[in-house]
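Just so you know, these numbers use all the heavy atoms, side chains as well, and skip hydrogens, waters and symmetry mates.
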Amino acid sequence: GVAVARLEASGIAKAFVLSALKLAVCTAIAWYVGEYFALDRIGFGVLVLQVATPVAVTSYMIAEKYGANAQEVAGLVVASTLMSAAALPVILAFVL
């Protein structure tokens with residue numbers, strides 16, 4: 001909560017761009033891997049959805065612990081979580 005309260009508007013824009021890039025690239029790679037290994041429908045859906053999930057809060061805690069730029073990671077957590085609220089239902093519609 002404190003990290004979210006300290007977020008700056010300029011950092012959020014960058015976080016949304018990086019989150020969109022992560023969502024697109026990771027989903028495309030998972031889709032390709034699922035097709036390559038000819039996964040069944042359920043396995044394919046699980047793989048693609050799991051990869052499309054937002055950045056974990058654990059990433060923020062690790063960045064904070066090791067002195068990395070935790071503010072940028074907090075922005076990624078917030079942006080990817082908000083983005084996934086719209087993206088995951090659309091992806092789910094395609095994989096099922």
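- Nearest heavy atoms, V77 versus A56: CG2-O, 3.7 Å.
- For the atom pair Y60 OH and K65 NZ, the distance stands at 14.5 Å (nearest 0.5 Å).
- When all heavy atoms of L23 and A87 are compared, the closest pair comes out as CD2-CB, 3.4 Å.
- Under the ring-ring contact (aromatic ring centres under 6.0 Å, His included) criterion, F44 pairs with W31, sequence neighbours left out.
- Connection of V73 to Y66 is not established within any shared hydrophobic cluster, with ILVMFWY side chains joined at heavy-atom distances below 4.5 Å, either directly or through further cluster members.
- Taking the side chain as every heavy atom from C-beta outward, S19 and L76 approach each other to under 4.5 Å.
- Using a distance-only test at 3.5 Å, with no hydrogens or angles considered, a donor-acceptor pair links the side chain of S80 to the main chain of V55.
- Contact of the V25 side chain with the I29 side chain is registered, since non-hydrogen atoms from C-beta on lie closer than 4.5 Å.
- Partners of F37 by side chain to side chain contact (heavy atoms under 4.5 Å, CB included), not counting sequence neighbours, listed by chain and number: V33, L39.
- Note: the hydrophobic cluster containing L49 also contains Y36 (ILVMFWY, side chain heavy atoms under 4.5 Å, direct or indirect links).
- In plain terms, the two heavy atoms of P54 and S84 that are nearest each other are CG-OG, 3.6 Å.
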I'd like a table of donor-acceptor pairs (distance under 3.5 Å, sequence neighbours excluded) in which one partner is a side-chain atom from residues 88-96, with atom names and distances.
none

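- In this structure, CD on E72 lies 11.0 Å from CD1 on I12, to the nearest 0.5 angstrom.
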